[in-house]
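Please read the structure below before turning to the comments.
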Amino acid sequence: MSTPETHIHDIVGIGIGPFGLGLAALSDPLPDVDGVFLDQRKEFRWHPGMMIEGATVQVPFLADLVTMADPTSRFSFLQFLKDSGRLYPFYIRESFYPLRAEFDEYCRWVAAQLDTLRWNRTVTSVTRDNDIYTVTAEVADQSGQALRTESYRARHLVLGVGTSPVLPPALRGLDAESAEGVGGPVAQGGGPVIHTSQYLDHREALLESGSITIVGSGQSAAEIYRDLLDEAEARKVRLDWVTRSPRFFPMEYTKLTLEMTSPEYTDHFRALPDELREQLGREQRTLYKGISAELVDDIHDTLYRLSRCGRKLRTNLLAESELISAERDVSTGDYALRFRNTALDKCFDRRSGSVVSATGYKSQVPDFLAPLGDEIRLDAKGRLDVSRHYTVNDAGTIHVLNGEEHTHGVTAPDLGFGPWRASVVLSHVTGREPYPIEKTIAFQTFGIPDDGADDDGVLDDGALESAAEEGTAPLSTRDDFESHFDFADSDADSEPHSDSDSRAAEDREMTHV
């Protein structure tokens, strides 16, 4: 029997978040794909710090690990419901949006059926000899104690390491101080500085701190604020929510906006100049980091209910306010926070017993890629330079899952687009299209419409042929798109695009946009 050191797989995947798990599930029934998937964690965990009771996923159940690539897959969310005896209750519930804990349970159900997953493997390096990659990993037991080193060889490498939590500069270092104490034991009333990913483990400590400040915006901030609100008022704990955003904006969920999670918009986004992509990337974060309208309304209704009979609430909601500095008062354990109102350009100070940072996540270049040197394409900012086909080397053999928001736009973190991207990766690995890949899904046109259109918007005779001669023909037929994508070929002839560390295997949950 072949050992891991001599056997050559088709795929070694590093990181088993939802996207890596989805690729493993879609690979499983393919006879011409031999894959193995590694993760440093001891089991599948999906945002365990945010499993707030009753919270739902912000995408419909169709955006599971496999359905958008293969609706007949035995790994679908509907099959999970059937196996767990919950299909009819889910049907009667009449909501497309699974509970967050339920989605995590679904992913665990899928993981339990796959024998290609290897847990407790921390990848330390990746090297290449000719066309074969060797992935070296430290193997640990369930307590985290290192046992041995293993190596895996493959023709293709898939990076599914996801994103890592980010704290704003003003709070960096204070999270460690809050855990260890400053100048001896933590003073009475001192509380933690945490990222939202750590919320549930520190919920009671936050409430015991006497006052809580949530910094940032988006769904996670709103969920934590709502989860704390009733109890904070009952326990006379001040609860502030501060964001530099102009307002507490709801997520835009209109159908034409959702069309931005499409192959067409991805092509349009990639064709833009680097500077414009950077600008749009900042602007479009509001499309998928907004708050669900139902939650916005629930927060307001709760504030209205708690304020009945003229009751003065111990809570503040402040927009247009940017955190510019923070330090700990060692005598009290509190934090002195300074904010700047961005509209008035004036500063103000607040004190808080604890701080929750709802400032998102960031993709990074994994350290274990260092031995590959210049094979990995990086942009001018040191980020992975991801091709249209989700590869980062000229041979088209190193693939990326959810590390391409700066190159591909809003489709990168979208759960529903994950199976589409996995289908592209598998087409490169197999040299065929094991799962049909939709090339056009949007009704709208992104960018400038085709030349040669008459007043009715219909191409007149000869326009397509003329445009083809000039090299500007639109991709108007399936054959044109097959040629354009040419999934079976490598990215060796594609031009790299120039343009924010990193074993986290946890993909962030995102909406469509």
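On a predicted model such as this, the values are computed, not experimentally measured, just so you know. Atom set for the values below is all heavy atoms of this structure, side chains included, hydrogens, waters and symmetry mates excluded.
Between Asp39 and Arg45 no salt bridge is recorded (no basic side-chain N to carboxylate O distance below 4.0 Å). Salt bridge present: Arg388 and Asp267 bring a charged side-chain N and a carboxylate O closer than 4.0 Å.
With a 4.5 Å cut-off on side-chain heavy atoms, Val33 and Leu26 do not count as touching. Side chains of Pro263 and Trp420 form a contact here, defined as non-hydrogen atoms less than 4.5 Å apart. Contact of the Ile376 side chain with the Ile398 side chain is registered, since non-hydrogen atoms from C-beta on lie closer than 4.5 Å. In this structure the side chain of Ser262 reaches within 4.5 angstrom of the side chain of Phe446, judged on heavy atoms. Within the 4.5 Å cutoff, the side chain of Gln113 has no heavy atoms near those of the Asp28 side chain. Residues Glu404 and Arg421 are in side-chain contact: their nearest non-hydrogen atoms beyond the backbone lie under 4.5 Å apart. Side chains of Leu99 and Arg93 form a contact here, defined as non-hydrogen atoms less than 4.5 Å apart. Looking at heavy atoms from C-beta onward, Tyr199 lies in side-chain contact with Asp227 at the 4.5 angstrom threshold.
Side-chain atoms of Thr315 come within 3.5 Å of backbone N or O of Leu239 as a donor-acceptor pair. The main-chain N or O of Ile299 is never found under 3.5 Å from a side-chain atom of Tyr225 such that the two would form a donor-acceptor pair. At distances below 3.5 Å, at least one donor-acceptor pair connects side-chain atoms of Gln219 with backbone N or O atoms of Ser292. Remark: side-chain polar atoms of Gln444 are paired, donor with acceptor, to backbone N or O of Leu256 under 3.5 angstrom. For Thr391 (side chain) and Ser387 (main-chain N/O), no donor-acceptor pair under 3.5 Å exists by modelled atom type. For Ser423 (side chain) and Pro419 (main-chain N/O), a donor-acceptor pair under 3.5 Å exists by modelled atom type. Not a single donor-acceptor pair under 3.5 Å links the side chain of Arg383 to the backbone N or O of Val365. Between the side chain of Arg118 and the main chain of Asp115, a donor-acceptor pair closer than 3.5 Å is present. In this structure, the side chain of Trp46 does not engage the main chain of Pro18 through any donor-acceptor pair within 3.5 Å. Of the possible polar contacts, none joining the Arg226 side chain to the Thr302 backbone as a donor-acceptor pair under 3.5 Å is found.
For His408 and Tyr390, the distance between ring centers is under 6.0 angstrom. Aromatic pair His428/His156: centroids not less than 6.0 angstrom apart.
Annotation for Asp301: atom CG counts as buried by contact number, over 12 foreign heavy atoms lying within 6.0 Å.
Considering CG of Leu167 and OG1 of Thr196, their distance stands at 9.5 Å, rounded to 0.5 Å. Here the straight-line distance linking atom OG1 of Thr445 with atom NE2 of His268 works out to 11.0 Å at 0.5 Å rounding. To the nearest 0.5 Å, atom CG of residue Asn316 and atom OG of residue Ser321 are 10.5 Å apart. Rounding to the nearest 0.5 Å gives a distance of 9.0 Å between CZ of Arg244 and OG1 of Thr359. Residue Glu438 holds its CD atom at 10.5 Å from CD of Glu264, rounded to the nearest 0.5 Å. We find the OH-CG distance between Tyr106 and Leu78 to be 9.0 Å, quoted to the nearest 0.5 Å.
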- Are Glu223 and Arg100 close enough, and set up right, to give a salt bridge (charged side-chain N to carboxylate O under 4.0 Å, His left out), and what steps lead you there? CA-CA 12 Å; Glu223 288 180 356; Arg100 186 174 296 157; 2.7 Å; yes
- Message: Between Ser76 and Ser73, is the side-chain hydrogen bond (donor to acceptor under 3.5 Å, both in side chains) condition met? List the steps.
- Response: CA-CA 6 Å; Ser76 72; Ser73 172; over 6 Å; no
- Item | From CA spacing to verdict: salt bridge (charged side-chain N to carboxylate O under 4.0 Å, His left out), Arg108, Asp104 | CA-CA 6 Å; Arg108 290 169 177 266; Asp104 178 67; 3.0 Å; yes
- Task: Begin from the C-alpha positions of Ile14 and Val126 and carry the test side chain to side chain contact (heavy atoms under 4.5 Å, CB included) through to its verdict.
- Result: CA-CA 10 Å; Ile14 305 175; Val126 178; 4.1 Å; yes
- Report the C-alpha separation of Val158 and Phe19 in whole Å, then their side-chain angles, then the decisive distance to 0.1 Å, and conclude whether the side chain to side chain contact (heavy atoms under 4.5 Å, CB included) test is met. CA-CA 11 Å; Val158 179; Phe19 294 132; over 6 Å; no
- Query: Checking side chain to side chain contact (heavy atoms under 4.5 Å, CB included) for the pair Ile224/Ile52: CA distance, chi angles, key distance, verdict?
  - Reply: CA-CA 8 Å; Ile224 290 174; Ile52 297 172; 4.3 Å; yes
- Would Ser27 and Leu426 satisfy side chain to side chain contact (heavy atoms under 4.5 Å, CB included), going step by step from the backbone distance to the final call? CA-CA 8 Å; Ser27 301; Leu426 290 171; 3.4 Å; yes
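Counting all heavy atoms, side chain and backbone alike, Val110 lies closest to Phe75 at CG2-O, 3.8 Å. Residue His195 comes nearest to Val166 through the heavy atom pair CD2-O, 3.3 Å, listed as atom of the first residue, atom of the second, then distance. In this structure, Pro413 and Asn402 approach most closely via the heavy-atom pair CA-OD1, 3.4 Å. The minimum heavy-atom distance linking Ser95 with Phe90 is given by the pair O-CZ, 3.4 Å. Contact detail for Gly290 and Phe249: the closest heavy-atom pair is CA-CE1, 3.2 Å.
The one candidate from Arg128, Arg377, Glu375, His399 that meets the side-chain hydrogen bond (donor to acceptor under 3.5 Å, both in side chains) condition with Asn393 is Glu375.
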Show the atom names and distances, to 0.1 Å, of all donor-acceptor pairs under 3.5 Å that link a side chain in residues 60-69 to residues at least two apart or in another chain.
from: Asp64; atom 1: OD1; to: Val66; atom 2: N; distance (Å): 3.0
from: Asp64; atom 1: OD1; to: Thr67; atom 2: N; distance (Å): 2.7
from: Asp64; atom 1: OD1; to: Thr67; atom 2: OG1; distance (Å): 3.0
from: Asp64; atom 1: OD2; to: Thr67; atom 2: OG1; distance (Å): 2.6
from: Asp64; atom 1: OD2; to: Phe77; atom 2: N; distance (Å): 2.8

